[in-house]
Amino acid sequence: MDKIKIIGGNSLFGKVYISGAKNTALPIICASLLTDEPVTIKNIPFLSDIKSLNSLLLQLGTDIVEKQEILNGHNTQTITYHTPKPTSLIAPYDYVRKMRASYYVLGPLLAKYGHVELSLPGGCAIGARPMDIHLSSLEQMGANIEIKNGYVVADIKGRLQGARISFHSASVGATCNILMAATLAQGTTVIENAAKEPEIGDLIDMLITMGAYIEGKNTSTLTIHGVEKLHGVTHQIINDRIEAGSYAVAAAMTHGRLELVNANAEHLQTPLDILRKTGVNVEITPNSIIVDAQNAELKGVDIYTDYYPGFPTDLQAQFMALMCVSQGAALVTESIWENRFMHVPELMRMGANINVHGHASAIVRGVEKLSAAPVMSTDLRASFALILAGLVAEGETIVNRVYHLDRGYETLEEKFKAVGANIERIKESD
Ligand code: EPZ
């Protein structure tokens, strides 16, 4: 497995081009299954999660044509997905195990073809990750669902039926799945307590262009009037707010100045407010966010993760790394995932002062300096937090299990090197 070596101490200056959003691309790629016409998606990031999903779609019988395109100064992928007739309606264990978001094929395949078999993804490092909302909602829409040999087997005679559904949690995944399914249902579906993340707004925009009738974008009540057929579309996905937020923290921690080109500040209001409270200067331009921490005396600020527009759980680990080197104490509370503090013991090995209380809270008391160490990460965002710690630690940090980063951060070493970090990938074979 590849590793990343970082020698800490450099302040970062320059531009970071923010890529297309991974968590938008994944449902949007699966939405292409709702039509037998070609769907072209622009601004798809080069990530291993995208490759994994593409291999699942290939196995379902989708034709995939990839090309590279420069968009707003940044190299991107434009991919056309065309599924005139699927050759399989099964999402096997080997695909879903590698990437949970494979479950986004559930709603589209069931709505369009009346049958789907999806391996249950199971839990993962950050928590149990149940699918009860996805499944009970489809049942309320008339689907017959059974769990057999670790698979969800879902059937519907004729079309799914519109229903009034109330989610017990504002789940991003369930909102996307049920939204996609409802576009082809007979009658009207209302989703109450829907998630409002920008990724969902982007999916709604694309579905509407495909011919869907959806009301309530950016609110917690979505009304979908089902149609018989959706058609092909060309859609450009939004940029990755979590990647932008992650590099914003890199600027802050290294007392540098980064311009996050193509980042959308509207999607990051709560994290940018926290950053300002730590003492960092944040400037918004029409096409970028400038984070300037050259003269900042960083101060600890409390963080509470919550559903959008609250503070995103996917930035909790990175902001915790920031609090490790900020003056005073910060209370970090994780309310979305039950086990998302795995970065804590690794940060402590680098000299951080953190006390975890139960599963949900941690007090971080800022220290003057972190010191380098070999560290190991357990998920994507925790890995980035360790890179951040390495950037300011004294000495050489080695971050192991880099495959986590490759799932969600495009060309990470190149982006960091371009702004002055001393960072390199050690290939397994080196
Ligand atoms: C998405 O996961 C993201 N993944 C996650 O990002 C992110 O952390 C999460 O949303 C929250 O923002 C993708 O978009 C691919 P949820 P998802 O369903 O959809 C509970 C990353 O680092 N719940 O919104 O799986 C669940 O236990 C990843 O990029 C149920 O109880 O998350 C959790 O407490 C990690 N039953 C809460 O809802 C269900 O059926 C939110 O989960 C579904 C969810």
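When a ligand or atom number is given, it counts from 1 through the structure's own listing order.
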* To do: Look at ligand 1 and say whether Pro130 reaches it with a heavy atom at a distance under 4.0 Å.
  => yes
* Hey, mind stepping through Asn72 and Val261 against side chain to side chain contact (heavy atoms under 4.5 Å, CB included) and telling me if it holds? -> CA-CA 9 Å; Asn72 303 326; Val261 182; 6.0 Å; no
* **Identified side chain to side chain contact (heavy atoms under 4.5 Å, CB included) partner of Leu315 from the options Leu322, Leu268, Ile303, Thr270** => Leu268
* Asked: Heavy-atom distance to atom 37 (C) of ligand 1: which of Tyr104, Tyr308, Tyr307 wins?
  -> Tyr307
* **Polar side chain donor-acceptor pair, Asn43 to Asn239, under 3.5 angstrom** => yes
Would you list the atom pairs, donor with acceptor, under 3.5 Å between side chains in residues 173-188 and any protein atom, with sequence neighbours excluded?
unit_1: Thr175; atom_1: OG1; unit_2: Ser171; atom_2: O; d: 2.6
unit_1: Thr175; atom_1: OG1; unit_2: Ala195; atom_2: N; d: 3.0
unit_1: Asn177; atom_1: OD1; unit_2: Gly107; atom_2: N; d: 2.9
unit_1: Asn177; atom_1: ND2; unit_2: Tyr103; atom_2: O; d: 3.0
unit_1: Asn177; atom_1: ND2; unit_2: His134; atom_2: ND1; d: 3.2
unit_1: Thr183; atom_1: OG1; unit_2: Met180; atom_2: O; d: 2.6
unit_1: Gln186; atom_1: OE1; unit_2: Gln161; atom_2: NE2; d: 3.1
unit_1: Thr188; atom_1: OG1; unit_2: His225; atom_2: ND1; d: 2.9

* How far is atom 41 (C) of ligand 1 from its nearest protein heavy atom, and which residue and atom name does that atom have? -> Ile336 CG2, 3.8 Å
* Look at atom 36 (N) of ligand 1 and say which protein heavy atom is nearest, naming residue and atom and giving the distance to 0.1 Å. => Asp132 OD1, 2.7 Å
* **Residue, atom name and distance, where the atom is the protein heavy atom closest to atom 11 (C) of ligand 1** => Thr313 CG2, 3.9 Å
* Of all heavy-atom pairs between Ile156 and Met141, which one has the smallest distance, and what is that distance? -> CD1-O, 4.0 Å
N/O donor to acceptor pairs below 3.5 angstrom from side-chain atoms of residues 14-24, sequence neighbours left out:
unit_1: Ser19; atom_1: OG; unit_2: His74; atom_2: NE2; d: 3.4
unit_1: Ser19; atom_1: OG; unit_2: Glu410; atom_2: OE1; d: 2.8
unit_1: Ser19; atom_1: OG; unit_2: Lys415; atom_2: NZ; d: 2.7

* To do: Mark up the atoms of ligand 1 that fall under 4.0 Å of a heavy atom belonging to Met131, in ascending order.
  => 40 (O)
* To do: Decide, yes or no, whether a salt bridge links Glu414 with Lys417 under the criterion of side-chain N to carboxylate O below 4.0 Å.
  => no
* To do: For atom 5 (C) of ligand 1, grab the closest protein heavy atom and report residue, atom and distance to one decimal in Å.
  => Asp314 OD2, 3.6 Å
* **Heteroatom proximity flag, Ile133 to ligand 1, N/O under 3.5 Å** => yes
* To do: For atom 18 (O) of ligand 1, find the nearest protein heavy atom and state the residue, atom name and distance (0.1 Å precision).
  => Ser171 OG, 2.6 Å
* **Side-chain H-bond candidate by donor/acceptor type, Asp240 with Tyr409, under 3.5 Å** => no
* Sub-4.0 Å heavy-atom approach of Lys22 to ligand 1 -> yes
* **Nearest neighbour in protein (non-hydrogen) for atom 24 (O) of ligand 1** => Val172 N, 2.7 Å
* Residue, atom name and distance, where the atom is the protein heavy atom closest to atom 42 (O) of ligand 1 -> Trp337 CH2, 3.5 Å
* Within less than 4.0 angstrom of ligand 1, does Tyr103 place any heavy atom? -> yes
* Asked: Is a side-chain donor or acceptor of Gln77 paired with a backbone partner of Pro45 at a separation under 3.5 angstrom?
  -> yes
* Salt-bridge present (Arg340, Asp314; N to O < 4.0 Å) -> yes
* To do: Tell me yes or no: between the side chains of His235 and Asp202, is some donor less than 3.5 Å from an acceptor?
  => yes
* **Whether Arg340 lies under 4.0 Å from ligand 1, heavy atom** => yes
* Asked: Which of the atoms of ligand 1 are close to Gly173, meaning less than 4.0 Å from one of its heavy atoms?
  -> 18 (O), 19 (O)
* Should His168 be listed as contacting ligand 1, given a heavy-atom distance under 4.0 Å as the test? -> yes
* ligand 1 N/O within reach of Glu197 N/O, cut-off under 3.5 Å -> no
* Asked: Looking at atom 3 (C) of ligand 1, what's its closest protein heavy atom, distance included?
  -> Asn23 ND2, 3.7 Å
* To do: Find all atoms of ligand 1 within a distance of less than 4.0 Å from any non-hydrogen atom belonging to Ser169, and give their numbers and elements.
  => 38 (O)
* Counting heavy atoms not belonging to Tyr113, are there more than 12 under 6.0 Å from its OH? -> yes
* Structure fact -> ligand 1 to Ile126, heavy atom cutoff 4.0 Å, flagged ligand atoms 35 (C)
